[in-house]
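Single-structure report; data block below.
Nothing here was measured: the structure is a model prediction, and the numbers come from that model. Every chain is numbered from 1, with letters handed out A, B, ... down the list of sequences.
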Amino acid sequence: MSTHNDDNTPHDETPGEHLPEGRGHGAGELSPADDPFADPGLPAHEHRRQDIDERAAQRSERTVALLFTVSVLATIGFIASYVAIPIDRIVYIWPFGHVSGLNFALGLTLGLALFCIGAGAVHWARTLMSDEEMVDERHPVAASEEVRAQVFEDFRQGVAESQFGRRKLVRNTMFGALALVPLSGVVLLRDLGPLPHDKLRHSRWKEGSLVINESTQTPLRPEDIPVGALVQAMPEGLDPHDEDFQVEIAKAAVMLVRLEPEDIKDQRSADWGHEGILCYSKICTHIGCPATLYEQQTHHALCPCHQSTFDLADGARVIFGPAGHPLPQLRITVNEDGYLAALGDFEEPPGPSFWERG
Amino acid sequence: MKKLSVRRRHPLAAFVVLLLALAATGGLYATLAPADEAQAETSAQSLAIEEGKRLYEVGCSSCHGRGAQGGSDGPSLVGVGAASVDFQVGTGRMPMAQTGPQAPEKPAVYTQAEIDQLAAYIASLGPGPNVPEESAYDPARGDAARGGELFRSNCSQCHNFVGSGGALTNGKEAPSLRDVEPRYIFEAMLTGPQNMPSFPDTTLTEQDKLDIIAWLDEVATSESPSPGGFSLGGYGPVGEGLFAWTFGIGALIAVAVWIGARSTKARKS
Amino acid sequence: MSTATESPKTTADAPKNRGKAPAGERVADWADGRLGIYSLAKANMRKIFPDHWSFLLGEICLYSFVILILTGVYLTLFFVPSMAEVEYHGSFEPMQGLLMSEAYASALDINFEVRGGLLVRQIHHWAALIFVVGIFLHMFRVFFTGAFRKPREVNWLFGFLLLVLAIFTGLTGYSLPDDSLSGIGIRLMEAAILAVPVVGSYLQMFIFGGEFPGHDIIPRFFVTHVLLLPGIMLGLVVAHLILIVYHKHTHYAGPGRTNENVVGYPLLPVYMAKAGGFFFLVFGVITMIAATVTINPIWLLGPYRPDQVSTDAQPDWYLGFSEGLVRMMPGWEWVIPGGYTLNFGLLIPLAVFPAMLAVIGLYPFFESWVTKDKREHHIAQRPRNSPTRTGLGVAWLTAFGVTTIGGGNDLFAVHFNLSINAITWFCRIGFFVLPVLAFFITRRICMGLQRRDRDKVLHGRETGIIKRLPHGEFVEVHQPLPQDQLHVLTSHDQATPMEVGPETDENGVRRRINPVERVRARLSRTYYGEQAQIPKPTSEEYHEITSGHGHH
């Protein structure tokens, strides 16, 4: 084998001085006998047991055949499991637990059937097929100088024949047409959805909306909520069966907590609540997860998605994490029937921020 | 009939009726009211309170203060109720071994009898939630589907979909609910231990709690079915990713190494 | 094709076989007359592929991809990509009567009504995770052995695009069941789109067909997941494979293995059996995993509702680093004059995420620009012989690892009893500090290994045998290496760093040197300078040492 390949690409324009001198060892003049690092060439092929001992080869043959046979049996087992095991049968299999018998049986039989085909083929290749290493020569990817010249010549001729360069008017109008035509495709995308308008700014809360406990689906009264409690709530008139329920709840979901009035650090926040009951949007202002990991002793609400932490005692100020602004607070009061009710919509858009939010 | 209707208007009739009514009420009371038992229970109760007070002073008062008014290291226990004591002491969270972000679960220090005495003592200090009846937390009586919905509204944000537990701020955590006794789950919801908010019956009815317990009984016990096979702890994609990076690709690389390895050569003679 | 001109010869040569050629040959002749398969077969049937386990990592990806297509087609037979609301009345008791989207209900049915549906779904999801793991490992192998160098830069780009597409196909795929966990992923996507300056809310409305979540996103993700992205990927996979065949595989240095040849086993029969067998092995292993280990138990997660959430809300692992970037960000949000909001808490991660991917794709061009290396390379380098590249690779991996840990900070907090805030701070600082440390440490280790190679070549292998010399000195016997090992340890290239040339020309006038060239020369020194390579031993050194006093 040659140990020299100073330059195997025809168009190597790089100055050579900083490139290595190929795979020679700075001693090209040394003959291989003198060069201790010369490539000794491919080592001689060594035989395997199977190459010289027919009995070993037959053992390999039997192993391969056995693997293929196991695969056949496993496929039969797969079909049998499919027919025999009911889909809802739960069985205890150590150490996996109480698993679906059907899934377990189908998976293992199919897995075994596939694995044995592969194992058989590989064992066959490794022990019976010739393992004599072979050599393929490589050739430079780049074309020869003549081919290159020919290609460029053909190209120039083709361009010239098209009169592309001469007829500027044809060329320029064609570019114009090609540049404009994709616009039709862009225009067609217009009806993918509506324009935003002020949709992101409003939620279902309006003045007088009762605060409905999401768990009991009943309106909440102040005395229902003791200090330390957390209640998930939504505006009245929102029914999970509604067509647009998901869209509405994504903006209108709130949580209520009750703090000792002296614990509330933010006066505006206290004023917007009712006797220490504060009603915050629970949609995190970062990406919109419900930030409802409420710690009743610290009054912190954590968002499980990215750990934005809001201090509910301090106007839901962000005290940790990637959220950029506090959770919007809903102004609540008690109506004449003694139920908690909103005094209006959120003052600012709930949920993640957007360019026009301000 | 006629005689009665004639004498109805007799001046003494009112007295007779009154006497009869009094006798009936008294008799009814005498038969129905377990006078002796009530007395016995009261004395047993006061004995329990007495015992509980003694236990409290030995094991709890150093943090929560004499008379459970609270101290520098522990909150006041007045009004937390028997349910709270049963939960905190029954799950081993109290007494705390050392101060930390939160009291971890550990084997209970007190016997159930002692816990009941402690609970009786604390309950005597102020009104609070009582230890629930057994029927209140019997998973068989709940609706798991509805409970799942309620769990995802109220609980999973801290405790994970299947109650595997999760992190809170600054080293606190919401514990795993796997294999936790339904009674303690009920009490925790009722009393809101440590940083957990409370879910009193006014915001989460007894039936709601029962449904949540039924859901947990369905998915968060060691008997819960895991149809797909080994559950990887129910931690979601992180566990799955780790598995793919270790066992999954590991098995495939092992196979690849086998394929790429030199076949065994015949021993040189 | 040349079949027309050759046909007279064929007929002249084979009159005796005419009419009784075996059926297989006749079919092949038929096909060759129309498709020219013989010239293709001549070039490729005995094509040589080198044998090494690390060359099979790419095959893991290929086979996972095939498995994904097979199982994916099956799943589409049962999945209903609709967000219409239905009440569940299937056989899974703990969901009875709940309101959910048709997508989620049909995903439940795949698990509980279709026999084997659970298995196929789990194979599909496990294969998806392993597919991307395989791509990563395959790219590590190619990167750290320098196999992306000329002529393979384009194929590196194809592979890189496959990685990016695989990530997004995964994202759209795990969103499809519309369960509570995947819905959070879609919500993050929505917020990310909203955060885009100027056009964010418009884009969001167009992509979701209205406000979040609307009724369109699942059907739109569906067509992206089953048609658009896999279609592009299939094309890229084919192109990737064609280029592999065209370039011929790289191989590791060894006796008889040069830059001008490839040594290995022929496609027919050995690689046909090994590669074909490996497909079945990969399929079998993934199927057995799917039989025994749950993945994404959507029946426990519940249908998506924007007001419900669970802790441990993570994407699949390959998006863990983007999740970490988002979690690590401080909450920076500016309201700029005019009342417009810039949400850096999302914008910066959104910029860093593609940047972290893009540097992978662009690296080969950067390295060849720095090193001015325009030669073809077919011998896989040892990572130690390119310490700067290896260091950069490890630095990237460190950044990836730190962000991935950040993405799972809540789980690490719980399982290692740490504070989630502390982990987040560790990741915030570690993202900047640890990659730099990793770079220098890695480079040091590589240099140490190079030095050890040099010692091994010059002084032989340490045998552990202690010999006492006549004058009482104790020495360890070193055994000289056989020639093939000497060759392997010295066969790598060692270039000298680029020079910008003298500051003045031959007349003593100051030369204007392009500042870009200066930077380039500086970078070239970090690749080829003294701190990056230990000079290989020369034959003279070797002879001098070995001819002297034997065993030192």
Under 4.5 Å from any heavy atom of chain B - which part of C/A313: neither

Atom CZ of C/F279: over 12 foreign heavy atoms under 6.0 Å: yes

For chain B, the option from C/L56, C/N421, C/L137 that forms the most heavy-atom pairs under 4.5 Å: C/N421

Side chain / backbone / both / neither for B/L252 at chain C, heavy atoms under 4.5 Å: both

Which atoms of C/Y174 approach chain B - backbone, side chain, both or neither, heavy atom under 4.5 Å: neither

For chain B, the option from C/A413, C/S310, C/P315 that forms the most heavy-atom pairs under 4.5 Å: C/S310

Interface residue of largest heavy-atom contact number with chain B, from C/L181, C/V132, C/L418, under 4.5 Å: C/L181

Portion of C/F112 that has a non-hydrogen atom of chain B nearer than 4.5 angstrom: side chain

Under 4.5 Å from any heavy atom of chain C - which part of B/L242: neither

Largest heavy-atom contact set with chain B, pairs under 4.5 Å, which of C/I130, C/I289, C/I295: C/I295

Structural part of B/P104 lying under 4.5 Å from a heavy atom of chain C: neither

Side chain, backbone, both or neither of C/Q122 within contact of chain B (heavy atoms, under 4.5 Å): side chain

Among the listed options B/A244, B/G236, B/G229, the residue most often paired with chain C at heavy-atom distances under 4.5 Å: B/G229

Geometric class of the C/W317/B/W245 ring pair [parallel <30°, tilted 30-60°, perpendicular >60°]: perpendicular

Which portion of C/L118 sits near chain B, non-hydrogen atoms under 4.5 angstrom: side chain

Heavy-atom contacts under 4.5 Å, residues 129-163 of chain B to chain C: B/A144, B/A145, B/E149, B/R152, B/S153, B/S156, B/Q157, B/C158, B/H159, B/N160, B/F161, B/V162

Between B/G241, B/S226, B/P237, the one whose heavy-atom pairs under 4.5 Å with chain C are most numerous: B/P237

Leading residue by heavy atom contact count with chain B [cutoff under 4.5 Å; candidates C/I420, C/V285, C/D312]: C/D312

Residue part contacting chain B, namely of C/E59, when any heavy atom lies under 4.5 Å: neither

Per-residue contact mode, C/L57 against chain B (heavy atom under 4.5 angstrom): side chain

Pick from C/M288, C/M95, C/H125, C/R305 with the largest number of heavy-atom pairs that fall under 4.5 Å of chain B: C/M95

Residue, of B/A256, B/S176, B/G260, B/A214, that accumulates the most heavy atom pairs under 4.5 Å with chain C: B/A256

B/E240 (side chain) donor-acceptor with C/N296 (main chain) under 3.5 angstrom: yes

